[in-house]
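Letters A, B, ... mirror the listed sequences (proteins, then strands); counts begin at 1.
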There are 2 protein chains.
Amino acid sequence: MCYDINTIFLKGAPMDSNDNKPNHSLPIQPYTTRYLILEKAQEHFMRDGYKATSTRRIAKEVGITQPNLYHHFANKEALYIAVLEMVANNALDDLKLIPAETDHQLGETLIKMTYYLRETHPYNFPVMLNDMKKEISPETSFALYKIFQKSYLQPFIDLFEENSAQLIENFDADLLANHFFLVISPYMNPDNLSYSKLSIETIIDFFLNGIKR
Amino acid sequence: MCYDINTIFLKGAPMDSNDNKPNHSLPIQPYTTRYLILEKAQEHFMRDGYKATSTRRIAKEVGITQPNLYHHFANKEALYIAVLEMVANNALDDLKLIPAETDHQLGETLIKMTYYLRETHPYNFPVMLNDMKKEISPETSFALYKIFQKSYLQPFIDLFEENSAQLIENFDADLLANHFFLVISPYMNPDNLSYSKLSIETIIDFFLNGIKR
DNA sequence: GTCTATAATAGGATAGAC
DNA sequence: GTCTATCCTATTATAGAC
């Protein structure tokens with residue numbers, strides 16, 4: 001099972017094994033046009049969603065013409081996929097380090113991981129999840145969701161499994177991590193109506209202990 | 001404070017006080033073209049969101065021409081507002097009756113209200129919340145959110161207040177209802193990746209009691 | 001109230017020169 | 001690798017006849 005869809009969708013150089021993130025499929029040289037496009041596309045896609053983001057706008061803000069963008073990426077969808085792989089890989093790299101910082105303490109770790117996401121990935125996750133399913137071609141939709149799952153959910157799955165002794169019996173760590181992510185998603189993005197209505201500490205407390213006294 | 005924005009945005013007849021829903025601002029005669037447009041628009045807007053829905057498609061499926069739609073509604077945004085008011089009013093009418101059916105028992109009532117929403121309002125709420133904020137003009141965005149809040153959140157706010165004795169101390173019923181709605185939102189819509197991954201009973205149980213044993 | 005015709009715009013994508 | 005020019009399509013919206 002291989003989720004590296006670069007070879008299908010992305011123009012430009014393939015794997016560079018001399019990269020400092022050898023397991024990742026997207027070695028991006030900083031300050032290249034390709035890199036600048038990816039950065040700007042990330043900003044727009046992750047804030048406004050797939051449909052509301054235009055290639056013209058990205059190109060303009062990067063300082064290139066819109067057709068030039070098509071030299072670096074086959075089409076809009078390929079650019080979206082590249083962005084998602086990039087942010088997912090960044091999330092995975094950082095999230096998996098956090099449990100060790102807190103001795104794998106469940107509550108503390110969840111709070112730290114959630115803060116990390118809100119500070120460094122303040123994306124529109126509810127819309128992003130919708131895009132992956134509804135705006136991307138079905139053939140790549142599944143692969144994209146797998147990438148997302150591996151990067152954003154796996155660290156939480158691992159944490160729940162490590163702390164299974166404290167949790168309800170017969171739980172499924174996958175379902176629990178998925179649920180947790182859905183619960184925090186609307187609170188990650190500054191544009192969302194719910195942002196900062198509850199503190200991260202409160203959200204985690206509700207998640208772990210419920211709202212009953 | 002008045003959130004009835006029909007008079008500003010909607011063409012056609014104003015209030016008809018001989019309606020069986022006298023408090024509502026939108027008396028809709030069934031089987032009129034206006035009604036058929038609203039029904040079809042609801043289906044598309046609430047499943048695909050504002051941007052992904054086209055007036056052409058709605059008109060075609062209703063069996064009229066696209067310009068004809070502009071006889072009944074001033075523009076796409078006015079149609080969206082009318083749809084949202086309609087579904088919100090329906091939700092309010094039905095949701096507020098449910099607590100009495102279960103003697104205002106907290107857990108039972110939450111389960112029934114959530115089942116009601118998933119069965120009769122299987123909408124794409126995460127996208128709908130995003131649309132209200134990002135795709136609608138700022139002037140009406142706030143009013144729309146107020147309508148949404150009054151219809152979808154108030155029944156939950158009332159329920160939490162009635163059951164405050166069972167709940168954590170110093171809680172804010174508004175915040176709690178808002179949080180509850182965000183938690184169930186991704187599970188209401190059949191297209192969402194999370195749909196039916198957890199049963200409604202489990203979601204409510206997690207919400208009330210947490211996931212710790 | 002519904003239609004035809006059409007404007008006006010914006011968006012994704014390609015061809016080909018340099 | 002970047003540009004200009006351009007195509008094609010989809011979309012919202014308007015004008016005006018019936």
Side-chain angles (χ1 to χ4, degrees), chain A residues 8-14 27-41 43-45 47-83 127 131 134-137 139-140, chain B residues 8-14 16 27-41 43-45 47-83 131 134-137 139-140:
Chain A
I8 307 166
F9 281 93
L10 305 177
K11 294 179 175 177
I28 307 150
Q29 298 294 336
Y31 309 120
T32 58
T33 301
R34 181 189 170 84
Y35 175 79
L36 294 173
I37 293 171
L38 275 169
E39 269 199 323
K40 189 55 75 177
E43 180 188 329
H44 284 258
F45 280 137
R47 184 190 59 219
D48 304 329
Y50 185 77
K51 207 138 194 165
T53 298
S54 88
T55 56
R56 276 182 153 76
R57 182 94 190 272
I58 293 169
K60 189 176 183 181
E61 294 186 12
V62 167
I64 58 169
T65 58
Q66 184 254 1
N68 188 3
L69 200 148
Y70 283 77
H71 174 76
H72 299 279
F73 299 90
N75 50 43
K76 187 183 179 185
E77 186 164 317
L79 176 56
Y80 185 79
I81 292 167
V83 166
V127 165
D131 287 341
K134 306 257 289 270
E135 305 292 349
I136 302 297
S137 65
E139 310 90 65
T140 52
Chain B
I8 307 164
F9 280 93
L10 304 177
K11 294 180 176 176
D16 174 359
I28 307 148
Q29 298 294 336
Y31 310 119
T32 59
T33 300
R34 182 190 169 83
Y35 176 78
L36 295 173
I37 293 170
L38 275 169
E39 269 199 321
K40 189 56 74 178
E43 180 188 328
H44 284 258
F45 279 137
R47 185 191 57 221
D48 304 329
Y50 184 77
K51 206 137 193 164
T53 297
S54 89
T55 56
R56 272 183 154 74
R57 182 91 192 273
I58 293 169
K60 188 176 184 180
E61 293 186 12
V62 166
I64 60 170
T65 58
Q66 184 255 358
N68 187 3
L69 200 148
Y70 283 76
H71 173 76
H72 299 279
F73 298 91
N75 50 44
K76 186 183 178 182
E77 185 164 320
L79 176 57
Y80 185 79
I81 292 166
V83 164
D131 287 341
K134 306 259 289 274
E135 304 293 351
I136 302 299
S137 65
E139 310 91 65
T140 53

Undergrad: So which atom in A/H72 and which in A/I37 form the shortest heavy-atom distance, rounded to 0.1 Å?
TA: CD2-CD1, 3.8 Å
Undergrad: Looking only at heavy atoms, what is the nearest atom pair of B/L69 and B/I64, with distance?
TA: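 For B/L69 and B/I64, the tightest heavy-atom pair comes out as N-CD1, 4.2 Å.
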Undergrad: Any side-chain heavy-atom pair from A/K134 and B/R47 closer than 4.5 angstrom?
TA: yes
Undergrad: Just how far, in rounded Å, is P of D/dT14 from CG of B/L69?
TA: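 Between P of D/dT14 and CG of B/L69: 12 Å.
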Undergrad: Whole angstroms only, please: what is the CD-C1' distance between A/Q29 and D/dG1?
TA: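 Interatomic distance, CD of A/Q29 to C1' of D/dG1: 16 Å.
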Undergrad: Got a sec, which pairs hit salt bridge (charged side-chain N to carboxylate O under 4.0 Å, His left out) with one end in residues 60-73 of chain B, sequence neighbours left out?
TA: B/K40-B/E61, B/R57-B/E61
Undergrad: What is the distance, rounded to the nearest whole Å, between atom CG of B/L79 and atom P of D/dA13?
TA: 10 Å
Undergrad: For nucleotides 3-14 of chain C, read 5' to 3', which letter fits each nucleotide if B means a protein heavy atom sits under 4.0 Å from the base, S means only the sugar-phosphate is that close, and - means neither?
TA: BBB-----BBBB
Undergrad: Determine the minimum heavy-atom distance between B/V83 and B/A41, stating which atoms define it.
TA: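 Scanning both residues completely, I find the closest heavy atoms to be CG2-CB, 3.7 Å.
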Undergrad: Please work out whether the ring planes of A/Y80 and A/Y50 are parallel, tilted or perpendicular, with thresholds of 30° and 60°.
TA: perpendicular
Undergrad: Just N and O in the side chain of B/H71: are any of them under 4.0 Å from OP1 or OP2 of C/dT2?
TA: no
